> 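Have a look at this one before I ask anything.
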Amino acid sequence: MHALKKNRPLRRVTLAAATTVTGVVLLLSLKPHTPPTPAEASSVGHSSSSSSGGSSGDSSGRASGGSSGSSGSTKSTGTRTVTGDTVQTRWGPVQVRITLKNGRITEVTAVAYPSENPRDQEINSYAIPQLRREALAAQSAEIDSVSGATYTSDGYKQSLQSALDSAGL
């Protein structure tokens with residue numbers, strides 16, 4: 001048999017080495033999502049730290065990274081604001097604030113939600129409004145999750161339920 005017709009181990013070694021290098025480069029180029037640190041958690045969503053009207057203890061409590069629930073003031077019109085617990089999800093904290101008037105939910109606001117990177121912003125730009133609409137329609141935390149935003153949906157429902165529990169509903 002001719003020497004050039006034999007198996008070509010050098011070609012195999014070169015191919016295996018090139019494949020390995022390509023795989024390592026691809027793995028190293030991935031940028032993992034890093035959860036926010038507790039110091040960042042208070043600035044992670046589009047939030048406002050002021051109470052929406054009253055002087056009774058509406059505290060945000062997000063700086064420690066734990067969960068906190070608080071209720072706002074009860075005005076003479078029967079309107080009050082209640083903030084649910086901060087729920088830590090895989091992609092960041094989610095917290096919901098509800099406004100109640102005569103026992104009905106009139107407004108639901110996502111105080112904190114993952115928005116650290118462009119993908120979070122893209123997902124939550126359609127998920128948060130849809131979750132808000134469903135919560136207002138259902139008048140409870142028994143709402144459907146948004147496809148593609150499962151972690152945010154679960155955190156939203158947990159925080160919403162916490163706010164409803166704090167409000168006594």
Side-chain angles (χ1 to χ4, degrees), residues 30-169:
L30 289 175
K31 297 190 190 305
H33 180 81
T34 55
T37 60
E40 294 177 49
S42 63
S43 66
V44 167
H46 302 286
S47 64
S48 110
S49 59
S50 64
S51 176
S52 55
S55 59
S56 177
D58 185 22
S59 63
S60 62
R62 291 182 306 267
S64 66
S67 40
S68 66
S70 59
S71 60
S73 63
T74 302
K75 298 177 185 171
S76 60
T77 62
T79 301
R80 65 184 178 143
T81 302
V82 181
T83 303
D85 290 343
T86 300
V87 178
Q88 292 296 329
T89 68
R90 178 177 178 181
W91 304 116
V94 178
Q95 186 175 30
V96 176
R97 179 179 295 140
I98 61 173
T99 302
L100 302 164
K101 184 170 186 175
N102 299 327
R104 290 194 45 87
I105 301 172
T106 57
E107 183 60 48
V108 182
T109 307
V111 177
Y113 54 88
S115 61
E116 185 174 302
N117 63 49
R119 182 70 176 140
D120 289 342
Q121 294 168 7
E122 177 187 357
I123 290 171
N124 291 322
S125 68
Y126 70 84
I128 298 296
Q130 187 170 340
L131 290 166
R132 178 186 173 277
R133 283 191 300 271
E134 289 202 24
L136 289 172
Q139 292 291 306
S140 74
E142 294 180 24
I143 58 177
D144 292 333
S145 293
V146 176
S147 178
T150 306
Y151 291 105
T152 299
S153 298
D154 290 345
Y156 192 97
K157 290 189 282 189
Q158 289 175 23
S159 184
L160 178 60
Q161 185 62 55
S162 165
L164 291 169
D165 291 345
S166 294
L169 296 177

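The structure presented is a predicted model; accordingly, all values stated were derived computationally and were not measured.
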> How close do Ala149 and Ala127 get, counting heavy atoms only, and between which atoms?
CB-CB, 3.6 Å
> Under a 3.5 Å cutoff, is there a donor and acceptor pairing between the side chains of Asp165 and Gln161?
yes
> Excluding sequence neighbours, so at least two apart, what forms side chain to side chain donor-acceptor pair (under 3.5 Å) with Arg119?
Glu122
> To the nearest 0.5 Å, tell me how far Ile98 CD1 sits from Thr106 OG1.
9.0 Å
> Got a sec, which residues hit side chain to side chain donor-acceptor pair (under 3.5 Å) with Ser159, two or more places apart in sequence or on another chain?
none
> Are more than 12 heavy atoms, taken from residues, nucleotides or ligands other than Gln139, located less than 6.0 Å from that residue's CD atom?
yes
> Which distance, rounded to the nearest 0.5 Å, do you find between the OH of Tyr113 and the OG1 of Thr152?
10.0 Å
> Who are the side chain to side chain contact (heavy atoms under 4.5 Å, CB included) partners of Arg133, not counting sequence neighbours?
Pro129, Gln130
> Just to verify, which of Thr81, Val108, Val82 counts as forming a side chain to side chain contact (heavy atoms under 4.5 Å, CB included) with Arg97?
Thr81
> Taking side chain to side chain donor-acceptor pair (under 3.5 Å) as the test, write out the residues that go with Ser153, two or more places apart.
none
> Could you check Ile143 against Leu131 for side chain to side chain contact (heavy atoms under 4.5 Å, CB included), going step by step and ending with a plain yes or no?
CA-CA 8 Å; Ile143 58 177; Leu131 290 166; 3.9 Å; yes
> Nearest 0.5 Å, please: how far is CD in Gln95 from OH in Tyr156?
12.0 Å
> Apply side chain to side chain contact (heavy atoms under 4.5 Å, CB included) to Ile128 and Val146, showing your working.
CA-CA 9 Å; Ile128 298 296; Val146 176; over 6 Å; no
> In Å and rounded to the nearest 0.5 Å, what is the CD to NZ distance from Glu134 to Lys157?
9.0 Å
> Can you name the side chain to side chain donor-acceptor pair (under 3.5 Å) partners of Asp144, sequence neighbours left out?
none
> Could you list the residues that satisfy salt bridge (charged side-chain N to carboxylate O under 4.0 Å, His left out) with Glu107, not counting sequence neighbours?
Arg132
> Can you tell me how far the CG atom of Asp154 sits from the OG1 atom of Thr89, to the nearest 0.5 Å?
9.0 Å
